[in-house]
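Have a look at the structure that comes next, please.
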There are 2 protein chains.
Amino acid sequence: MSLPFKKRVVIIEDDQEIRESFSLIVNSSQRFMVVGAYGNCEDAIAALNRDKPEIVLMDIELPGMNGIKGTQIIRDKNSSTEIIMVTVYEDSDLVFEALKAGASGYITKSANYTELLSALEEIVRGGAPMSSRIARMVIDNYHINPNSPLTKRETTILQLISEGKTYTQISEELFISKETAKTHIKNIYSKLQVNSKSEAIAKANHDKLI
Amino acid sequence: MSLPFKKRVVIIEDDQEIRESFSLIVNSSQRFMVVGAYGNCEDAIAALNRDKPEIVLMDIELPGMNGIKGTQIIRDKNSSTEIIMVTVYEDSDLVFEALKAGASGYITKSANYTELLSALEEIVRGGAPMSSRIARMVIDNYHINPNSPLTKRETTILQLISEGKTYTQISEELFISKETAKTHIKNIYSKLQVNSKSEAIAKANHDKLI
DNA sequence: TTAATAATCACCCAAACTTCGGTATAATTA
DNA sequence: TAATTATACCGAAGTTTGGGTGATTATTAA
């Protein structure tokens, strides 16, 4: 445990009490130091070149720019900065938005001393700290819907459509005529209630059919 | 901690030594019991109605049917069965295949007494046990590529394409002419080296451009 | 500050592909 | 046996794509 430098941490959190409590906890550690604590993203982003944080603890709900947009901007400026979202809610859509924006961890505001520091340690170790519920939410998001209305053949064809294949390519790959492929696709569209390939792909991804 | 019944666990693992070692560990717990241990998926699936497992510990590399296909089939028969993959490799593609097939956890064969039991506990608690590396792999898989060759406008349009919108809908949504939308899309195709919407969506998803 | 580059917008035509609305038969499964 | 699934064909209407051309506004580099 002989780190020459402490990891630089920035906290972005509008609730002053939580901000100070988190600062105290982080600074109490041998391996981390708070180089900046802000009540909004705008100020934090303006100070980024000076602070040079390796890790950012980012609230999602913030006055002005929200934490998701802030995450995007910070990652855009320096993609090696690791961002941990700090939130009260474990709301599904927000989680995925934050992850897409570039967050690598997800903890709740109720995190205690140990939880906060072990999340930081986990990030340094190259992991992705998150609560049981978030982990499960993320994993479940990969699962394919077992209640698909499509037949096996239709699912195969939808898969090929999602890979960007044309009618001709699909028919060649499955050794069926182009007209048959067309029929299957018509049936897929009718079951999914869509009328184009890209709509079918959107629906398939949303409903986890492939 | 007064559970009236122990959770029913099935182990599918072709290495007899590991299978027996895992069985001993699971059976040593107050909360779990091994109701079946098999060297391949075929036998395990045939015994499913009798074993009625709540949790399956599944090896990926197996003689005959592999663990991913086995996961699909078991989940298909009873989607409330939780499956934990057990593997030597933390290979990227296999992880995602297993998750899509319906796995909810991912541990390595080197797992010791504590790791194995805490993975089982984590599953019961509704979580998703996985190693740091896997967690990070899964999270990174959500991140949008910051090195996109597309402009902001092109990315917006690609996003709309991926939602299944037509040229007309895109032009209306962005208050531009249909011809302009077309020009942007042509430029997107040329940058991504594709020639259709669905191919563009496939590439966008693969390269994490949206 | 100018020059160059990138981004955004707009239009035309022809070819290619997709979608819609039908019809119909074998094979498989419940 | 009835229902479902997978196969196959036709033609008309609609949408997308490819190959051009050109203008206006940022943005960046010299």
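Numbers restart at 1 for each chain; the letters A, B, ... are given by sequence-line order, proteins then strands.
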Check your understanding: Reckon B:K197 touches a base, only the sugar-phosphate, or nothing at all at heavy-atom distances under 4.0 Å?
Key -> sugar-phosphate

Check your understanding: Does A:N205 reach the main-chain N or O of A:I201 with its side chain, forming a donor-acceptor pair under 3.5 Å?
Key ->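 Yes, A:N205 side chain to A:I201 backbone: donor-acceptor pair under 3.5 Å.
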
Review point. Does OP1 or OP2 of D:dT7 have a side-chain N or O of A:T180 closer than 4.0 Å?
Key: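 Looking at the OP1 and OP2 atoms of D:dT7, neither is under 4.0 Å from any side-chain N or O of A:T180.
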
**Study point:** Distance, rounded to the nearest Å, where B:I157 contributes CD1 and C:dA7 contributes P
**Key:**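 Answer to the nearest Å: 13 Å.
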
Exercise for review: Give a yes or no on whether a salt bridge exists between A:R136 and B:E82, defined as a side-chain N under 4.0 angstrom from a carboxylate O.
Suggested key: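 Looking at A:R136 and B:E82, the cut-off is met.
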
Practice item. Would you indicate, yes or no, if C:dC11 has its OP1 or OP2 atom less than 4.0 angstrom from a side-chain nitrogen or oxygen of B:T183? Key: no

Exercise for review: Output yes when a side-chain donor or acceptor of B:Y142 lies under 3.5 Å from a complementary backbone atom of A:A101, and no otherwise.
Suggested key: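 Judged by distance alone, no pair lies under 3.5 Å.
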
Review point. Do A:Q159 side-chain atoms and A:I210 backbone N/O form a donor-acceptor pair below 3.5 Å?
Key: no

Check your understanding: Between B:D76 and B:Q72, does any side-chain donor sit less than 3.5 Å from a side-chain acceptor?
Key ->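 Side-chain D/A pair, B:D76 to B:Q72: absent.
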
Practice item. Tell me whether the OP1 or OP2 atom of C:dT18 has a side-chain N or O from A:Y189 closer than 4.0 Å. Key: no

**Study point:** Side-chain N or O of A:S177 closer than 4.0 Å to phosphate OP1/OP2 of D:dC9
**Key:** yes

Point to revise | Ionic contact status for B:R19 with B:D59, cut-off 4.0 Å | key: no

Exercise for review: Please report, rounded to the nearest Å, how far the C1' atom of D:dA6 is from the CZ atom of A:F175.
Suggested key: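 It is 16 Å, rounded to the nearest whole Å.
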
Exercise for review: Report the distance from atom NZ of B:K178 to atom C1' of D:dT16, rounded to the nearest whole Å.
Suggested key: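 Rounded to whole Å, this separation is 9 Å.
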
Check your understanding: Is B:R153 near enough to C:dC9 that one of its side-chain N or O atoms lies under 4.0 angstrom from OP1 or OP2?
Key ->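 So the side-chain polar atoms of B:R153 do come within 4.0 Å of the phosphate oxygens OP1 or OP2 of C:dC9, strictly under.
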
Exercise for review: For D:dT17, take OP1 and OP2 only and decide whether either is under 4.0 Å from a side-chain N or O of B:Y167.
Suggested key: yes

Exercise for review: Mind calculating the distance between CD1 (B:I188) and P (C:dA7) to the nearest angstrom?
Suggested key: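 One finds 12 Å between P of C:dA7 and CD1 of B:I188, rounded.
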
Review point. Are any of A:S196's side-chain N or O atoms less than 4.0 Å away from OP1 or OP2 of C:dT18?
Key: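 Checking A:S196 against C:dT18: no side-chain N or O falls below 4.0 Å of OP1 or OP2.
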
Check your understanding: Cut-off 3.5 Å, side chains only: do A:E20 and A:Q16 have a donor facing an acceptor?
Key ->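 The criterion, which ignores hydrogens and geometry beyond distance, is satisfied for A:Q16 and A:E20.
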
Review point. In whole angstroms, how far is the P atom of D:dG19 from the CD atom of B:E179?
Key: 16 Å

Check your understanding: Is any side-chain N or O of B:H184 closer than 4.0 Å to OP1 or OP2 of C:dC9?
Key -> yes

Check your understanding: Rounded to the nearest Å, what distance is computed from the CG atom of residue A:L160 to the P atom of nucleotide D:dA6?
Key -> 14 Å

Check your understanding: Going through the checks in order, is the side chain to side chain contact (heavy atoms under 4.5 Å, CB included) test met by B:Y167 and B:K197?
Key -> CA-CA 10 Å; B:Y167 283 39; B:K197 283 185 181 179; 3.7 Å; yes

Practice item. Whole angstrom is fine here: how far is it from NZ in A:K191 over to C1' in C:dC20? Key: 18 Å

Exercise for review: Among C:dC20, C:dC9, D:dT5, find the nucleotide with the atom closest to the side chain of B:I176.
Suggested key: C:dC9

Review point. Between A:K186 and A:T168, which is nearer to the 5' end of DNA chain C once each is assigned its nearest nucleotide?
Key: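 That would be A:T168.
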
Check your understanding: Considering heavy-atom distances to DNA chain D, does B:K182 or A:K152 have its closest nucleotide positioned more toward the 5' end?
Key -> A:K152

Review point. How long is the line joining CG of B:L150 and P of C:dA6, in whole Å?
Key: 15 Å

Point to revise | Estimated bend of the helix from C:dT1-D:dA30 to C:dA30-D:dT1 (axis per five terminal pairs, rounded to 10 degrees) | key: 70°

